Amino acid sequence: MIALIDANDPRLAAAPGEPCVLAAIQGLAKTAGPGLRREFWLALDGRDRPAGAVCRTEGGVWATAMAPAAQETAAFLSALGALPGTVDSVLAPLLPGEWRRCPVLEYRGPLPVETPCCTPSAMALVECNVSAGAIPPGDRDALYAELHLRLRRGAAQVFLAPDGDGKPAAGAATLLGEGHAVIGWLACRWEKQGRGYGTAVLLAAARGAMEQGKTPLLACREELAAFYIARGFFLAGEVWERGALLSR
């Protein structure tokens with residue numbers, strides 16, 4: 001059964017599923033509020049126990065489900081339409097359309113050394129992503145609104161690595177789930193690339209997650225996995241993506 005739930009439903013915090021997707025859903029639940037499209041469902045097994053979770057926002061869907069509820073969850077997602085999305089490896093083969101595999105990596109190195117960071121700023125992180133070509137300029141306002149909301153609701157942390165003049169050269173954000181934090185929006189301004197700023201902000205984000213008592217995770221394109229592995233991350237699984245999720 002697929003059950004619509006309130007964002008504050010305590011069962012969401014204990015739901016099983018793929019850790020990266022589940023942490024994103026749990027983090028997004030903290031941003032729910034009036035005037036926003038934040039819908040949450042639990043996939044329940046035959047004994048009405050949580051067997052997965054689904055979230056739909058303005059940007060797309062996230063879904064994870066254990067085998068007992070996978071078929072019904074996949075049918076439910078198909079009914080929602082061909083939205084941009086991120087799903088686990090159980091659901092992806094059951095869904096129509098083209099899905100791209102993204103390795104999930106977990107930081108398993110020591111607590112990174114604390115390094116100086118700029119004052120957290122959603123707009124500065126957006127500008128890093130625009131400068132790096134990670135998002136088109138037309139998405140600037142929508143991404144700023146999403147990141148600002150996450151910061152205001154305590155659902156995320158933003159980290160910015162300063163250049164020699166103290167200005168943001170690279171940035172990243174973490175979306176805070178219950179036991180994991182998902183690192184995303186890692187980008188370095190194009191004119192600052194190749195100088196270690198991306199590595200610095202990545203490790204700052206990993207440290208920030210660990211200081212919150214959460215395991216740092218991220219999902220990336222396959223060709224980028226080696227970059228993260230060289231910096232203390234290990235392959236921990238995979239997720240599958242369709243389209244571009246602005247609210248990643």
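Atoms considered below: every heavy atom in the structure, side chains included; atoms not considered: hydrogens, waters and symmetry mates. Predicted model only: the values in this text are computed from it and were never measured.
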Work out which heavy atom in Pro162 is nearest to a heavy atom in Cys118; give both atom names and the distance.
CB-SG, 3.5 Å

CG of Leu217 to CD of Glu106, rounded to nearest 0.5 Å, is 5.5 Å

Look at the side chain of Arg150 and the backbone N and O of Gln157, then say whether any donor-acceptor pair between them is shorter than 3.5 Å.
no

Mind checking whether Trp41 and Arg56 have side chains closer than 4.5 Å, heavy atoms only?
yes

Any chance you could lay out the salt bridge (charged side-chain N to carboxylate O under 4.0 Å, His left out) test for Arg38 and Glu58, step after step, and finish with the verdict?
CA-CA 8 Å; Arg38 297 285 195 273; Glu58 299 90 340; 2.6 Å; yes

Just wondering, are more than 12 heavy atoms of other shown residues or ligands nearer than 6.0 Å to CZ in Arg221?
no

Please examine the side chains of Thr73 and Ile2, heavy atoms only from C-beta on, and report whether any two atoms are closer than 4.5 Å.
yes

Taking the side chain as everything from C-beta on, heavy atoms only, tell me whether Ile183 gets closer than 4.5 Å to Phe233.
yes

Pick out which of Val104, Val182, Leu202 makes a side-chain contact (heavy atoms from CB on, under 4.5 Å) with Leu218.
Leu202

Do you know the tightest heavy-atom contact between Trp99 and Ala92?
CD1-O, 4.4 Å

Is a salt bridge present between Asp45 and Arg47, judged by a nitrogen-to-oxygen distance below 4.0 Å?
no

Between Thr31 (side chain) and Leu149 (backbone), is there a donor-acceptor pair under 3.5 Å?
no

Test item: Leu105 and Phe234 side chains (from C-beta on) under 4.5 Å apart, heavy atoms:
no

Just wondering, do Leu95 and Val87 contact through their side chains at under 4.5 Å, heavy atoms?
yes

With a 4.0 Å cut-off on N to O distance, would you call Arg242 and Glu98 a salt bridge?
no

Are Val201 and Leu224 joined in one hydrophobic group, where the rule is that I, L, V, M, F, W and Y side chains link up if heavy atoms are under 4.5 Å apart?
yes

Close side-chain approach of Thr215 and Tyr107, heavy atoms under 4.5 Å
no

More than 12 heavy atoms of other groups within 6.0 Å of Gln71 CD:
no

Nearest atoms (heavy-atom pairs only) where Arg207 meets Pro112
NH1-O, 2.5 Å

Side-chain heavy atoms nearer than 4.5 Å, only ILVMFWY residues, links allowed to pass through others: does that put Phe76 and Leu94 together?
no

No-hydrogen, no-angle side-chain donor-acceptor test under 3.5 Å, Glu238 and Trp240:
yes

Basic-acidic side-chain contact under 4.0 Å: Lys214, Glu178:
no

Any salt bridge between Arg140 and Glu127, counting N to O under 4.0 Å?
yes

Group every Ile, Leu, Val, Met, Phe, Trp and Tyr by side-chain heavy-atom contacts under 4.5 Å, then state whether Met210 and Tyr228 land in the same group.
yes

Check whether any side-chain N or O of Thr64 sits under 3.5 Å from a backbone N or O of Glu18 as a donor-acceptor pair, and report yes or no.
yes

Set out, in order, the CA-CA distance, both residues' side-chain angles and the distance that settles salt bridge (charged side-chain N to carboxylate O under 4.0 Å, His left out) for Glu39 and Arg37, then state yes or no.
CA-CA 6 Å; Glu39 298 170 295; Arg37 187 171 192 174; 3.2 Å; yes

Would you say the side-chain atoms of Asn129 pair up with the backbone N or O of Leu125, donor to acceptor, closer than 3.5 Å?
yes

Under a 4.0 Å N-O cut-off, is there an ion pair linking Asp163 with Lys167?
no

Nearest heavy-atom contact between Leu22 and Ala53 is CD1-CB, 4.1 Å

So does Leu176 get a backbone contact from the side chain of Thr174, meaning a donor-acceptor N/O pair under 3.5 Å?
no

Check whether any side-chain heavy atom of Phe159 lies under 4.5 Å from a side-chain heavy atom of Leu186, and answer yes or no.
no

When clusters are formed by joining ILVMFWY residues with side-chain heavy atoms under 4.5 Å apart, either directly or through shared neighbours, do Val21 and Val90 land in the same one?
no

Thinking salt bridges, do Glu146 and Arg152 make one under a 4.0 Å N-O criterion?
no

How close do Ala209 and Ala181 get, counting heavy atoms only, and between which atoms?
CB-CB, 3.6 Å

Nearest heavy-atom approach of Ala155 to Gly27 is CB-O, 3.5 Å

Just wondering, do Ile135 and Trp185 contact through their side chains at under 4.5 Å, heavy atoms?
yes

Would you say the side-chain atoms of Gln26 pair up with the backbone N or O of Leu12, donor to acceptor, closer than 3.5 Å?
yes

State plainly whether one hydrophobic cluster holds both Val239 and Ile25, where clusters connect Ile, Leu, Val, Met, Phe, Trp and Tyr through side-chain heavy atoms under 4.5 angstrom apart.
yes

Within the distance-only criterion (no hydrogens, no angle test), does the side chain of Gln193 pair as donor or acceptor with the backbone N or O of Cys188 below 3.5 angstrom?
yes

Do Arg231 and Phe227 meet the cation-pi criteria used here (NZ or CZ under 6.0 Å from the six-membered ring centre, within 45° of the axis)?
yes

